[in-house]
Amino acid sequence: MHPFSKRQRRILPGFGLSMGYTVFYLSAIVLVPLSTIVISTIGIEPERFLAAVSSPRVLASYRLSLSSAFFAAIFDAGAGFLTAWTLTRYRFPGRRFLDAFVDLPFALPTAVAGICFATLYSPATLPGQVLSRFGIELANTPAGIVVALIFIGFPFVVRTVQPVIAELETEIEEAAQSLGASRWQTFRKILFPHLFPALLTGVTLAFARSIGEYGSVIFIAGNLPFKTEIAPLMIMSKLDQFDYDGASAVAFVLLLISFIMLLVLNGVQRWQQKAYR
Amino acid sequence: MSIEIQNITKRFPGYTALDNISLKVATGELIALLGPSGCGKTTLLRIIAGLETADVGSIILENRDTTNLPARSKNVGFVFQHYALFRRLNVFDNVAFGLTVKPASERPSKQDIRDRVMHLLKLVQMDWAAKRYPSQLSGGQRQRVALARALAVNPKVLLLDEPFSALDAKVRQELRRWLRKLHDDIHVTSIFVTHDQEEALELADRIVVINKGKIEQEGTPQEVYDHPANSFVYNFLGNVNVFHGRVRNGKVVLGQPLPDERRELNGHEVKTGQAFIRPHDIGISKIRNGNDHPGVIRDIRLTGSQITLELESAGFDTPIEAEISRETWRNLELSKGEEVYITLDKARVFTGDFEI
């Protein structure tokens with residue numbers, strides 16, 4: 001039925017009002033701020049835009065941001081899935097406590113997390129020294145950035161997968177078992193395909209968030225040009241040098257990447273859901 | 001494949017779900033476990049399937065002790081109340097699932113799987129829906145797919161947990177008859193759980209009435225219905241009028257003495273007891289004969305092919321329900337408020353406190 005059709009009577013009135021609010025808030029909170037980037041970018045001459053976004057240093061930062069966000073998201077996929085499974089499927093003392101813990105990366109100011117990481121893994125402290133004895137250097141390396149991004153992306157995966165695990169009926173597993181399937185077969189053939197769309201959503205959200213993450217990363221990254229400079233930092237440093245055009249050009253590309261990713265995610269989900277519902 | 005259930009006991013925190021249950025099911029039989037919800041019947045079914053473990057007792061399938069086998073090794077088909085179909089698989093893959101998860105050495109060839117699945121889908125009249133997903137099917141269709149899926153692995157035993165209770169009345173009745181016919185064709189030993197006495201009576205070769213974790217009675221539908229072993233069975237199978245009173249000399253003394261149909265309780269001491277009589281065993285007439293009780297018609301209700309009368313009679317503290325055929329109703333020309341005579345000579349009297 002057409003959403004604006006007059007013939008369909010709604011039980012709850014107020015479609016016009018709530019739609020108006022939705023459009024207003026979306027505009028005020030999301031669209032207007034973002035459009036300023038687009039508008040200021042449009043004002044830049046193409047050559048300068050290209051020069052700004054394709055300088056080797058900026059390209060290196062894009063590469064670093066994308067790759068570290070990718071690896072962090074992959075790690076979060078595994079760790080978040082397991083955590084979500086454990087928290088939903090088992091009852092154990094301290095479960096609620098752990099469950100509340102998951103949200104900490106949401107709630108904590110990212111700068112606080114950044115300082116924690118920087119302190120924890122610096123060569124001056126014990127954990128950092130222990131790790132470096134095993135050849136793992138986290139301070140001022142891309143690996144350190146990945147660790148910070150894992151922290152930031154983690155709750156996205158857990159919180160998107162958790163409700164889907166919760167609504168899985170145990171009967172489904174029992175049915176698979178009574179048909180002779182092993183635990184692994186039940187998981188691989190029945191449970192995992194069921195949870196996959198939610199997992200994909202969570203991972204994409206974690207990925208998208210990680211690309212733009214700033215506060216928690218810069219303290220541990222060390223911000224060495226070409227090595228550990230992330231894309232959001234490039235924006236900051238361009239602003240510091242009063243290069244507003246360069247900053248908005250870099251920002252525009254980041255915005256584009258995020259937008260395309262969310263679009264792809266939506267498409268994948270629609271394709272996934274089509275057959276089953 | 002015969003099933004032997006030996007002294008099964010299962011306790012949950014706070015209550016005993018099954019209390020020393022023993023039962024034998026012969027090969028090819030269709031058995032109904034009948035009882036109110038929470039009586040332990042589903043637990044028993046799940047223990048047979050290996051989805052739950054018993055505290056005490058053993059389950060013997062065809063002379064082999066399978067008590068401690070996990071569900072996957074039992075080769076038992078299980079049909080769930082809410083179908084439990086795999087949502088992400090289409091109908092064909094749902095039915096094929098049990099075959100495709102077999103180890104490579106036992107797995108049939110792709111073509112054999114295809115043939116078997118299509119054969120089963122034809123059997124349950126769902127072959128047209130092989131490519132559909134469960135969400136595109138109605139409840140009755142889903143349950144038939146679930147049944148085909150359970151049958152695909154050639155189970156020794158088929159267990160059905162309230163298979164029709166999530167369906168509406170019309171579909172339920174249709175599927176019931178269809179299942180009976182299917183069972184007559186393939187003869188797989190089956191146990192189904194139900195709280196619907198009508199379903200048990202219509203479908204089963206034998207009914208096992210369970211209450212509070214104990215077997216109250218087992219027998220053919222006719223035995224159980226016509227000769228209920230105790231007040232619980234009498235009350236659970238079909239509508240019934242219950243009159244409470246004291247039993248003296250085989251009669252429940254209410255305001256009016258009501259004798260036991262079989263006159264077996266003669267010479268008993270005074271005890272609390274109840275008289276049971278089914279609404280359709282009550283006679284209504286306009287002329288008094290013998291021990292008839294006078295009464296007044298308070299309400300007349302049309303229930304399908306029957307007419308239900310609500311009667312009031314001096315000495316009975318609860319209203320009496322009687323069922324008469326439409327023909328009788330027409331012949332007697334009854335109307336509300338009219339005085340009639342009630343024949344209660346088919347009552348059964350049980351002593352002891354009545355509980356359900």
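Convention: sequence-line order gives letters A, B, ...; per-chain numbering from 1. All values derive from a computational prediction rather than experimental measurement. The figures here come from the full heavy-atom set of this structure, side chains too, leaving out hydrogens, waters and symmetry mates.
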Return yes if a side-chain donor-acceptor contact under 3.5 Å exists between A:Glu173 and A:Thr186, otherwise no.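 Side-chain D/A pair, A:Glu173 to A:Thr186: absent.
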For B:Gln111 and B:Arg114, test the side chains for any donor-to-acceptor distance below 3.5 angstrom and give the result as yes or no. no
Given heavy-atom pairs under 4.5 angstrom as the criterion, report whether the side chain, backbone, both or neither of A:Ile190 touches chain B. side chain
Please flag which part of A:Glu169 lies under 4.5 Å from any non-hydrogen atom of chain B: side chain, backbone, both or neither. side chain
Given B:Thr189, which partner from the list B:Ile3, B:Leu159, B:Val76 fulfils the side chain to side chain contact (heavy atoms under 4.5 Å, CB included) test?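 Single pass found, and it is B:Ile3.
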Contact winner vs chain A - B:Ala71, B:Ala146, B:Ala152, B:Pro155, heavy-atom pairs under 4.5 Å: B:Ala71
Under a 4.5 Å heavy-atom cutoff, which of B:Arg132, B:Arg149, B:Lys74 has the most pairs with chain A?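 So the answer, after comparing B:Arg132, B:Arg149, B:Lys74, is B:Arg149.
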So which part of [X] gets closer than 4.5 Å to some heavy atom of chain A, the side chain, the backbone, both or neither?
X       : result
B:Arg46 : side chain
B:Phe78 : both
B:Leu85 : backbone

Verdict with reasoning, B:Arg116 to B:Asn154, per side-chain contact (heavy atoms from CB on, under 4.5 Å): CA-CA 10 Å; B:Arg116 172 132 189 88; B:Asn154 261 328; 3.3 Å; yes
Return the orientation label for the A:Phe117 and A:Phe151 ring planes: parallel under 30°, perpendicular over 60°, tilted otherwise.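 Aromatic pair A:Phe117/A:Phe151 classed perpendicular.
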Could you walk me through whether A:Val253 and A:Tyr62 satisfy the side-chain contact (heavy atoms from CB on, under 4.5 Å) test, starting with their C-alpha distance in whole Å, then the side-chain angles of each, then the deciding distance to 0.1 Å, before giving a yes or no? CA-CA 9 Å; A:Val253 173; A:Tyr62 281 142; 3.1 Å; yes
